[in-house]
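Notes follow once the structure below has been shown.
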Protein chains: 2
Amino acid sequence: MKMITNMERLKNTLTTNGLKPTYQRLKILEYLETHVDAHPTVEAIYEALVKKIPTMSMTTVYNTLNTFIAKNLASAVTITGTELRYDCVTTPHHHFLCQRCNKIYDVEIKCPIIDRNYVDGHQIDEIHGYLKGICKQCLAKERAKK
Amino acid sequence: MKMITNMERLKNTLTTNGLKPTYQRLKILEYLETHVDAHPTVEAIYEALVKKIPTMSMTTVYNTLNTFIAKNLASAVTITGTELRYDCVTTPHHHFLCQRCNKIYDVEIKCPIIDRNYVDGHQIDEIHGYLKGICKQCLAKERAKK
DNA sequence: ATGACTGCAAAATATTTGCATATTC
DNA sequence: GAATATGCAAATATTTTGCAGTCAT
């Protein structure tokens, strides 16, 4: 078995999707993969990467994420309504937004329409399940206070 | 049976929820009720109402909608990610966004977690199901072209 | 008169666009 | 070298905030 570095693997991911493996794209993809749990905002991705790549711009982050979405390498999480958060596509899952701490958690839920192609005659391309409430951690903190 | 006008009914809805039945609130609530299917943006509500109430402001629309949400008279639909759309609360249902025409449709789906209070230890306060794809109407138009 | 509500103006936040420069194959 | 990608600056879009004036009891 031939060993490849992580960067080579990411490069392959981009090229096999017809995308030029630019340094910016590689870094953004790497960031998404290593921060799946955080469901980062564009801001967060930009802030993290501009430290290493001083010329990085918000525009590039937006461009790249939109390109990734078009190629199905990432998906937008629209749960908060006023900002977009991002996720690199792995397995289908739903999201839980904590309304106290604003964290987004992945949750596995057996969805009854996951394998339907149509609902009411509309063609389904994406399914998003969003739960909102108070997360485990915040509930614990609250209990501790009392 | 005593007959009441629609405006009296809306007024009752507001007062029984502890809200002063101001003209603006009545009109916004009426608009929401008569345009449930449209899932209007703040902009749309404002534009429609400012014709009748020239002093109406965006701020008031935002204030009012947030008040309604707090009282559970309306809910925010966060499906597009960059703008909020509104819905007046009736029965629980999911939403379908057409990515061609940008319309939002209500869809009835049997949700397996609708009566669960916790998932992975997180307390669930709201459940939102968002489907995206191409709506019936747009599919028909597309077929017609070929 | 008091407390709540409205609405203007400005600020804050988030995203998109035009275009000149740079990079990749 | 042609096509594509980057990134600055400016424009656009969306939501929030401060505050002064207004309205209903």
Side-chain angles (χ1 to χ4, degrees), chain A residues 7-8 10-29 31 39-71 73-86 99 102, chain B residues 7 10-12 14-15 17-29 31 39-71 73-86 102:
Chain A
M7 276 299 146
E8 282 165 353
L10 294 176
K11 201 165 166 175
N12 282 344
T13 304
L14 292 177
T15 50
T16 59
N17 278 282
L19 298 176
K20 287 188 185 171
T22 66
Y23 188 59
Q24 288 85 341
R25 287 176 175 173
L26 281 167
K27 284 301 179 182
I28 292 172
L29 183 57
Y31 187 86
H39 302 88
T41 58
V42 168
E43 179 79 20
I45 298 169
Y46 170 77
E47 287 303 337
L49 296 183
V50 78
K51 287 174 192 162
K52 298 295 185 93
I53 314 167
T55 60
M56 175 66 68
S57 78
M58 288 287 231
T59 305
T60 299
V61 181
Y62 277 106
N63 284 342
T64 304
L65 290 170
N66 287 332
T67 305
F68 285 179
I69 288 171
K71 297 293 182 177
L73 292 173
S75 65
V77 179
T78 64
I79 197 166
T80 68
T82 54
E83 72 185 0
L84 287 166
R85 300 247 203 145
Y86 297 86
Q99 291 180 313
N102 225 34
Chain B
M7 275 299 148
L10 294 176
K11 202 164 165 172
N12 282 344
L14 291 177
T15 50
N17 277 283
L19 298 176
K20 289 191 183 166
T22 66
Y23 189 60
Q24 288 84 342
R25 286 175 176 174
L26 281 167
K27 284 302 179 181
I28 292 172
L29 184 56
Y31 187 88
H39 302 88
T41 57
V42 169
E43 179 78 20
I45 299 169
Y46 170 77
E47 288 302 338
L49 297 184
V50 80
K51 288 175 193 162
K52 297 295 185 96
I53 314 166
T55 61
M56 174 65 69
S57 77
M58 289 286 234
T59 306
T60 299
V61 182
Y62 277 108
N63 284 341
T64 304
L65 290 171
N66 287 331
T67 305
F68 286 178
I69 288 171
K71 297 293 182 177
L73 292 174
S75 66
V77 179
T78 64
I79 196 166
T80 68
T82 54
E83 70 184 2
L84 287 166
R85 300 247 204 144
Y86 296 86
N102 225 33

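Below, chain A is the first sequence line, B the second, and so on; all start at residue 1. In what follows, every heavy atom counts, from backbone to side chain, and hydrogens, waters and symmetry copies are set aside.
- The nearest whole Å value for the distance from the CD atom in B:Glu83 to the P atom in D:dT12 is 18 Å.
- With rounding to whole Å, A:Lys11 atom NZ is found 13 Å from C:dT23 atom C1'.
- Between B:Tyr62 and D:dT16 there is no side-chain polar atom (N or O) within less than 4.0 angstrom of OP1 or OP2.
- Checked against D:dG7, C:dT15, D:dT15, the side chain of A:Gln24 finds its nearest nucleotide in D:dG7.
- Each of D:dA5, C:dA4, D:dT15 was ranked by its minimum atom distance to the side chain of B:Lys20; first place goes to C:dA4.
- Listed nucleotides: C:dT6, C:dA14, D:dC8. Nearest to the side chain of B:Asn63: C:dT6.
- Side-chain atoms of A:Thr78 come within 3.5 Å of backbone atoms of B:Thr78 as a donor-acceptor pair (strictly under, hydrogens ignored).
- One atom, CD1 of B:Ile28, and another, C1' of C:dT6, lie 10 Å apart when rounded to the nearest Å.
- Closest to the A:Thr55 side chain, of the nucleotides D:dG18, D:dG7, D:dA5, is D:dG7.
- Without hydrogens or angle criteria, B:Thr64 side chain to B:Thr60 main chain gives a donor-acceptor distance under 3.5 Å.
- The 5' end of DNA chain C is approached more closely, in terms of each residue's nearest nucleotide, by B:Tyr23 than by the other of B:Tyr23 and A:Thr22.
- Remark on DNA chain D: of its neighbouring residues A:Gly81 and A:Tyr46, the 5'-side contact belongs to A:Tyr46, judged by nearest-heavy-atom nucleotide.
- Residue B:Thr60 is classed as a base contact, given a heavy-atom separation below 4.0 Å to a base.
- The side chain of B:Thr59 sits closest to D:dT16 out of D:dT16, D:dT15, C:dA14.
- Applying the side chain to side chain contact (heavy atoms under 4.5 Å, CB included) test between B:Ile28 and each of B:Phe68, B:Tyr86, B:Tyr46 identifies B:Phe68 as the sole match.
- Side chain of A:Thr67 to main chain of A:Asn63: a donor-acceptor pair is present (N/O by atom type, distance under 3.5 Å, no hydrogens or angles).
- Rounded to an integer number of Å, the gap from A:Leu19 CG to D:dT6 P is 10 Å.
- Separating the CD atom of B:Glu47 from the C1' atom of D:dT14 is a distance of 14 Å, rounded to the nearest angstrom.
- Taking atom CG of A:Asn66 as the reference point, atom P of C:dT16 lies 6 Å away to the nearest angstrom.
- Distance A:Met58 CE to D:dA11 C1': 16 Å, rounded to the nearest Å.
- B:Glu43 comes within 4.0 angstrom of nothing in the nucleic acid, heavy atoms only.
- Ranking D:dT15, C:dA4, C:dT6 by closeness to the B:Val42 side chain, first place goes to D:dT15.
- A donor-acceptor pair is defined here as one N or O able to donate and one able to accept, closer than 3.5 Å; no such pair exists between the side chain of A:Arg85 and the backbone of A:Ile79.
- Ranking C:dG7, C:dT16, C:dT15 by closeness to the B:Ser57 side chain, first place goes to C:dG7.
- With rounding to whole Å, B:Leu84 atom CG is found 12 Å from D:dT16 atom C1'.
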